[in-house]
Amino acid sequence: MDFNPNHKSSILIDQVPLNKARLSSSLNPYSPPSIIFSSSLFLTIPRRKAMSGKLDHVHANSWHDAMKASSPQKIFDDDINFDAACDEADAEYRSWLFKFPSALSSFEQIKNYAKGKRVALFLDYDGTLSPIVDNPDHAFMSSEMRSAVKKAAKYFPTAIISGRSRDKVHEFVGLKELYYAGSHGMDIVGPVGDSESVINHSGFIRSTNEQGKEVNLFQPPSEFLPVIDEICRSLVENTKDIIGSNVENNKFCVSVHYRLVNEKDWDVIAQRVLGVLENYPHLQLTYGRKVLEIRPIIDWNKGKAVEFLLESLGLNDSDDVLPIYVGDDRTDEDAFKVLRERNKGYGILVSSIPKETNAHYSLRDPSEVRNYKFFFFYLLDHYNSTYINSFFFFPFFLLLNQVMEFLRSLARWKKSEVAAH
Ligand SMILES: O=P(O)(O)OC[C@H]1O[C@H](O[C@H]2O[C@H](CO)[C@@H](O)[C@H](O)[C@H]2O)[C@H](O)[C@@H](O)[C@@H]1O
């Protein structure tokens, strides 16, 4: 882990434009010859250094655009022509599905590849297991989802890798049998596996958990804790007059939420955060879904967390291991990238709109689209699948969740495999 006190604080904004993305193909489910995407849907912003004091005009605009694009918007307004909007958005989504097929429609293919392999499951929390909601403290997962995760964890080692603090995400999920990585993977408790190579990671500590069991613990240097607490207080103080802003302490990182902030104040909140960050040369700014995230400048992310957990589980060096990572946010891209580069395992992006990604498959996320018209999208998406039969009864739709269905399918498949032996 790289903790360099001479680093200056920096901002990472590095979305890859759709038309420039390069994807390796060996595990790639389909490689359609040429699909044209509308580039206006996607945002490209170069990496920038944090600027001192005020933001210049271009910089402020970039932040405004980035903040606007950071989370899917409600697709329909009542005064928009529904049919036209539906056709256009659906055509784009369908084109995108050629490149990133639905993990549910492709389940047979995934299953065939997984045969005889040890599957390890990695799940993001917000927007993947729980719906995106206005108040971060209310992002509860449903009992149906909890039971789907529990079923999957019965057959596969399962870890939650979240931007939340480890304690908080554990509290939300509430399952003892899982492994948890909080603060974007910077705070992990993993099992002590066969592999000894984890001890080569700096930041690694062998410790004992509350039950007195030996565990592998990975955390950034503890020097960061008081700094994070301090910047958290400062961010609260500096944003308290911005209506709707919300600062969340995630132990090794801080989230500044602007989901409920009026769009006209987004530049103001970005400026305030950048202003505070100037005094913290060891911290950097990234962003997620309507959230600005401040974290230590260390060479660690969700991708490294996946590798660390695979090693801890003694699953890192075998060819018969298939890691599957399901996530919805840009921080999950680090994990998708690791799986793609290792050419082992599948990344599954949860999204209701086309996005550039390093994932292999996709699952549709209805959580931010609260309009009933989304129902038609869902039917269209599944028009040719056997699923459609189950969705005739409208209230059923409200319970739908493709991630849950995918986890259930995995567990059902393994259960039948175990029973057959
Ligand atoms: O890695 P994750 O588990 O996906 O955590 C990423 C951030 O998730 C939370 O924020 C997001 O979900 C909130 C609740 O639905 C929503 O209000 C917010 O707009 C989203 O950005 C969490 O509150 C953040 O601290 C995490 O960094």
Side-chain angles (χ1 to χ4, degrees), residues 12 66-74 122-142 145 149 158-174 178-188 228 231-232 235-236 239 244-261 263 266 269 273 283-296 300-306 325-336 347-352 355 357 359 363 365-370 401 403:
L12 299 181
M67 291 165 87
K68 205 169 170 181
S70 74
S71 204
Q73 306 289 309
K74 199 167 83 166
F122 298 94
L123 305 169
D124 166 57
Y125 183 72
D126 288 280
T128 299
L129 297 181
S130 67
I132 293 292
V133 292
D134 288 344
N135 183 344
D137 290 337
H138 294 170
F140 305 113
M141 70 194 273
S142 65
M145 179 65 91
V149 175
T158 302
I160 308 289
I161 304 193
S162 170
R164 304 267 190 167
S165 73
R166 181 160 52 82
D167 288 348
K168 181 82 186 181
V169 74
H170 193 159
E171 190 185 315
F172 270 136
V173 177
L178 311 185
Y179 305 109
Y180 291 90
S183 310
H184 294 293
M186 287 185 285
D187 182 11
I188 313 179
I228 293 288
I231 197 170
C232 197
L235 287 166
V236 170
T239 57
S245 68
N246 179 3
V247 179
E248 186 185 7
N249 188 332
N250 287 330
K251 190 165 178 180
F252 286 104
C253 46
V254 182
S255 292
V256 180
H257 294 275
Y258 59 91
R259 184 168 291 279
L260 296 178
V261 171
E263 199 179 324
W266 287 3
I269 199 167
V273 172
L283 302 179
Q284 64 186 357
L285 182 60
T286 59
Y287 67 89
R289 296 175 78 163
K290 300 259 190 315
V291 66
L292 301 171
E293 293 167 328
I294 293 96
R295 55 161 99 184
W300 197 263
N301 54 40
K302 288 186 173 187
K304 301 250 173 159
V306 166
Y325 187 106
V326 191
D328 72 313
D329 211 348
R330 58 175 45 244
T331 56
D332 300 309
E333 289 296 329
D334 293 320
F336 296 152
I348 301 177
L349 176 71
V350 182
S351 180
S352 53
K355 273 184 193 168
T357 177
L363 287 170
D365 157 34
S367 57
E368 278 194 71
V369 188
R370 299 189 185 288
N401 188 310
V403 174

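Every number for a ligand or one of its atoms is a count from 1 in the order of the listing. Because the structure is predicted, anything quoted here is derived from the model rather than measured.
The atoms of ligand 1 that sit less than 4.0 Å from any heavy atom of Tyr125 are 3 (O). Ligand-side atoms of ligand 1 in range of Ser255: 24 (C), 25 (O), 26 (C), 27 (O), range being under 4.0 angstrom from any heavy atom. Counting atoms of ligand 1 from 1 in the listed order, those under 4.0 Å from a heavy atom of Val291 are 21 (O). Close approach of ligand 1 to Ala139 is summarised as follows: ligand atoms under 4.0 Å from at least one heavy atom of the residue are 14 (C), 15 (O). In summary, the atoms of ligand 1 found under 4.0 Å from a heavy atom of Pro136, numbered by their order in the structure, are 14 (C), 23 (O). For ligand 1 and Arg164, the ligand atoms under 4.0 Å from any heavy atom of the residue are 9 (C), 14 (C), 22 (C), 23 (O). Close approach of ligand 1 to Asp134 is summarised as follows: ligand atoms under 4.0 Å from at least one heavy atom of the residue are 17 (O).
The single protein non-hydrogen atom nearest to atom 7 (C) of ligand 1 is Glu293 OE2, 4.0 Å, given as residue, atom name and distance. Nearest protein heavy-atom contact of atom 17 (O) of ligand 1 is Val133 O, 2.5 Å. For atom 8 (O) of ligand 1, the closest non-hydrogen atom on the protein side is Asp126 OD2, 3.1 Å. Ranking the protein heavy atoms by distance from atom 3 (O) of ligand 1 puts Ser162 OG, 2.7 Å first. Ranking protein heavy atoms by distance to atom 4 (O) of ligand 1, first place goes to Asp124 OD1, 2.7 Å. For atom 19 (O) of ligand 1, the closest heavy atom belonging to the protein is Arg259 NE, 2.6 Å.
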Quick one, Cys232 with Val247, criterion side chain to side chain contact (heavy atoms under 4.5 Å, CB included). Give me CA distance, side-chain angles, the key distance, then yes/no. CA-CA 7 Å; Cys232 197; Val247 179; 3.9 Å; yes

Please evaluate residues Arg330 and Tyr287 with respect to the criterion side chain to side chain contact (heavy atoms under 4.5 Å, CB included), reporting the C-alpha separation (whole Å), side-chain torsions for both, the decisive distance (0.1 Å), and the verdict. CA-CA 8 Å; Arg330 58 175 45 244; Tyr287 67 89; 3.2 Å; yes

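Aromatic ring pairs are classed by plane angle as parallel below 30°, tilted from 30° to 60° and perpendicular above 60°; the pair Tyr325 and Phe122 is parallel. Ring geometry for Tyr258 versus Trp266: interplanar angle over 60°, hence perpendicular rather than tilted (30 to 60°).
Residue contacts with ligand 1: His138 is excluded, as none of its non-hydrogen atoms falls under 4.0 Å. Heavy-atom separations between Pro131 and ligand 1 include at least one value shorter than 4.0 Å.
Taking only non-hydrogen atoms, the option from Arg289, Glu248, His184, His257 nearest to atom 10 (O) of ligand 1 is His257.
For the atom pair NE2 of His257 and NZ of Lys290, the computed distance is 13.0 Å after rounding to the nearest 0.5 Å. Residue Ile132 holds its CD1 atom at 5.5 Å from CG of Asp328, rounded to the nearest 0.5 Å.
Between Asn135 and ligand 1, no pair of N/O atoms sits closer than 3.5 Å. Close N/O approach between Ile132 and ligand 1 is not found [any backbone or side-chain N/O within under 3.5 Å].
A distance-only check finds no donor-acceptor pair linking the side chain of Ser162 to the backbone of Tyr125 [under 3.5 Å]. A donor-acceptor pair under 3.5 Å links the side-chain atoms of Asn301 to the main chain of Lys304, judged by distance alone. No donor-acceptor pair under 3.5 Å is formed between the side chain of Ser130 and the backbone N or O of Phe140.
Ion pairing between a basic and an acidic side chain is recognised when a charged N comes within 4.0 Å of a carboxylate O; Lys168 and Asp137 show such pairing. The pair Asp126-Arg289 does not count as a salt bridge, with every side-chain nitrogen at least 4.0 angstrom from each carboxylate oxygen.
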